[in-house]
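Working notes for the structure below.
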Amino acid sequence: MTIPPGRPSISDDELQKRFAPIFETIAAGAVARERSRTLPIEEIRLLREASFGALRVPIEFGGLGATLRQTFDLLIELAAADSNLPQALRAHFNLVEDLQLNKDEAVKARWLGAIADGALVGVAVTEPGLGAVDRYRTAVTSEGAALRLDGLKYYTTGTLYADHLLVAADRDGKRIAVLVDTSQPGVNVVDDWDGFGQRLTASGTATFKNVTVTQDRIIGPGYGTEGRVFGTAHVQLILLATLAGIAKRAAADTTDWIKARTRTFTHAVADLPRNDPLVQQVIGQLFSAAFGARATVLAAVDELARTLNGAHQDPQRLDASELAAAQAQVTVIKLVLDAVTTLFEVGGASLSSEKLAIDRHWRNARTIASHNPAIFKLRAIGAYELNGKTLPYAWSAGVRQTGRQGNY
């Protein structure tokens with residue numbers, strides 16, 4: 001049975017019944033995991049068994065056939081439960097979209113079927129040091145009839161939860177995408193991510209040493225290949241969905257804390273914080289930010305859905321979805337960061353207690369907001385609108401050649 005693009009094969013109510021109890025379980029242990037730096041291995045297992053990773057896999061391949069909007073709505077809810085998880089699954093969901101558009105039917109059937117059966121995919125794109133502004137140092141080389149993968153990656157989000165890794169590599173000067181198994185000899189993943197937020201995303205180092213690669217594991221162009229792509233907007237929107245979920249949880253956590261609080265200040269205008277108009281104003285800001293962030297993300301998701309609905313090679317449609325994601329980024333970041341910073345005004349130093357772990361909302365939001373810095377997006381939007389300059393797609397980070405000019 002084939003469902004027309006954009007139409008759900010599963011209802012919102014069915015999705016809620018399937019995933020809401022799991023999200024509640026995940027949320028119940030989030031603070032304890034944060035304090036002890038316990039990776040959410042069990043929580044990933046619950047999601048896997050409920051086919052969360054197969055949300056966007058079409059039903060003819062064994063998936064749930066959810067729409068893009070349904071999927072992002074659930075990613076926001078998952079982020080409210082534990083913001084590490086949607087970010088850890090970011091590359092997985094992006095690959096599912098890529099596979100649906102893959103022209104090789106055998107590749108599509110093989111990997112979408114594997115994902116429907118529960119396989120999860122992590123990512124290994126970014127390289128430390130010199131980086132990949134010019135070309136990837138991680139490379140696939142020929143050794144007789146065999147192919148070998150060697151290299152070093154960082155920010156390998158979700159790798160410790162994954163069965164396979166999508167590796168961006170160089171092959172004879174071209175960027176390619178390679179799928180390797182995390183269990184293969186020569187693949188080593190280390191949880192050495194030292195950021196102050198999003199600590200449980202497994203975004204550390206992955207090394208590849210003499211890893212055997214077969215031709216059928218090279219599944220397309222690698223990240224950063226020149227030209228317009230939908231993927232940049234897609235992965236950015238997952239980060240923004242994560243921010244929207246953080247705002248929702250921060251609003252709920254702060255409200256619960258205020259409701260139970262009896263201490264106040266001599267110069268406060270009410271005997272109880274919950275009755276103080278200034279405190280009420282902050283709570284109003286938190287819930288409004290959560291609402292605005294979700295609405296903005298879903299509006300940009302709808303724009304991307306129109307591109308993925310048969311127009312993923314249309315330059316105008318790709319620009320429209322990329323522009324929407326960029327504008328959503330700078331809007332959502334400000335909304336959420338302002339809110340999770342202001343929340344500390346309602347309780348003084350008490351809210352800095354590590355036992356409460358309220359600070360995780362600011363730390364996690366600030367960390368996510370630092371991905372693909374917004375100042376560069378603002379300039380790109382302005383250059384596009386004023387001078388028709390091409391939007392930046394699938395950018396890379398690293399050391400740029402001296403004298404090389406950007407797209408101004």
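Using a 4.5 Å heavy-atom threshold, the side chains of Gln70 and Ile10 count as touching. Counting heavy atoms from C-beta on, the side chains of Leu46 and Phe52 never come closer than 4.5 Å. No side-chain heavy atom of Leu200 sits less than 4.5 Å from a side-chain heavy atom of Trp193. Using a 4.5 Å heavy-atom cutoff, the side chains of Thr159 and Lys153 are not in contact. Taking 4.5 Å as the limit, some side-chain heavy atom of Arg171 sits within range of a side-chain heavy atom of Ile218. With a 4.5 Å cut-off on side-chain heavy atoms, His371 and Tyr155 do not count as touching. The closest side-chain heavy-atom distance from Trp111 to Leu95 is not below 4.5 Å. Using a 4.5 Å cut-off on side-chain heavy atoms (C-beta onward), Leu112 and Pro58 make contact.
Using a cut-off of 4.0 Å between Lys/Arg side-chain N and Asp/Glu carboxylate O, Arg360 and Asp253 are scored as salt-bridged. Under a 4.0 Å N-O distance rule, the pair Asp314/Arg306 does not qualify as a salt bridge.
In the displayed structure, Glu385 atom CD is contacted under 6.0 Å by more than 12 heavy atoms of other residues, nucleotides or ligands. Counted within 6.0 Å of CD on Glu49, heavy atoms from surrounding residues, nucleotides or ligands total more than 12; the atom is thus considered enclosed. Heavy atoms of other residues, nucleotides or ligands lying less than 6.0 angstrom from CG of Asp192 number more than 12. Within a 6.0 Å sphere centred on CZ of Phe344, other residues, nucleotides and ligands contribute more than 12 heavy atoms. Within 6.0 Å of CZ on Arg263 lie no more than 12 heavy atoms contributed by other residues, nucleotides or ligands.
A donor-acceptor pair is defined here as one N or O able to donate and one able to accept, closer than 3.5 Å; such a pair exists between the side chain of Thr182 and the backbone of Ala162.
Listed by chain and number, the residues in a salt bridge (Lys or Arg N to Asp or Glu O under 4.0 Å) with Arg317 are Glu303 (sequence neighbours excluded). Under the side chain to side chain contact (heavy atoms under 4.5 Å, CB included) criterion, Glu77 pairs with Phe23, Lys248, sequence neighbours left out.
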Check: Hey, mind stepping through Lys108 and Phe61 against side-chain contact (heavy atoms from CB on, under 4.5 Å) and telling me if it holds?
Finding: CA-CA 9 Å; Lys108 180 188 299 187; Phe61 294 103; 3.7 Å; yes
Next item on the list: Apply side-chain contact (heavy atoms from CB on, under 4.5 Å) to Leu152 and Arg137, showing your working.
Entry: CA-CA 8 Å; Leu152 174 68; Arg137 272 66 186 174; over 6 Å; no
Note to self: Show, in sequence, the C-alpha distance, side-chain angles and deciding distance for Thr254 and Ile283, and conclude whether the side-chain contact (heavy atoms from CB on, under 4.5 Å) test is met.
What the structure shows: CA-CA 8 Å; Thr254 309; Ile283 298 301; 3.8 Å; yes
Item checked: salt bridge (Lys or Arg N to Asp or Glu O under 4.0 Å) between Arg261 and Asp276, intermediate numbers included -> CA-CA 12 Å; Arg261 186 168 171 81; Asp276 193 307; over 6 Å; no
Notebook entry, point to check: side-chain hydrogen bond (donor to acceptor under 3.5 Å, both in side chains) between Asp181 and Ser183: does it pass, once the steps are laid out?
Noted result: CA-CA 5 Å; Asp181 300 338; Ser183 59; 4.9 Å; no
Item checked: Full working for salt bridge (Lys or Arg N to Asp or Glu O under 4.0 Å) between Arg294 and Asp73 -> CA-CA 8 Å; Arg294 176 181 177 274; Asp73 222 355; 2.9 Å; yes
Item checked: Stepwise side-chain contact (heavy atoms from CB on, under 4.5 Å) check, Leu278 with Val269 -> CA-CA 9 Å; Leu278 296 178; Val269 300; 5.7 Å; no
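Between Asp82 and Asn84, the side chains place a donor N or O and an acceptor N or O closer than 3.5 Å (distance only, hydrogens not considered). No hydrogens or angles considered: a donor-acceptor pair under 3.5 Å links the side chains of Thr138 and Glu127. Checked by atom type, the side-chain pair Ser11/Glu14 shows a donor-acceptor distance below 3.5 Å. For the residue pair Gln236 and Asn372, a side-chain donor N or O sits within less than 3.5 Å of a side-chain acceptor on the partner. Under 3.5 Å, the side chains of Arg175 and Ser396 contain a donor-acceptor pair of N or O atoms.
Between Trp362 and Phe196, a ring centre-to-centre spacing shorter than 6.0 Å is recorded.
Between His234 and the options Val96, Val229, Asp98, Leu304, a side chain to side chain contact (heavy atoms under 4.5 Å, CB included) holds for only Leu304.
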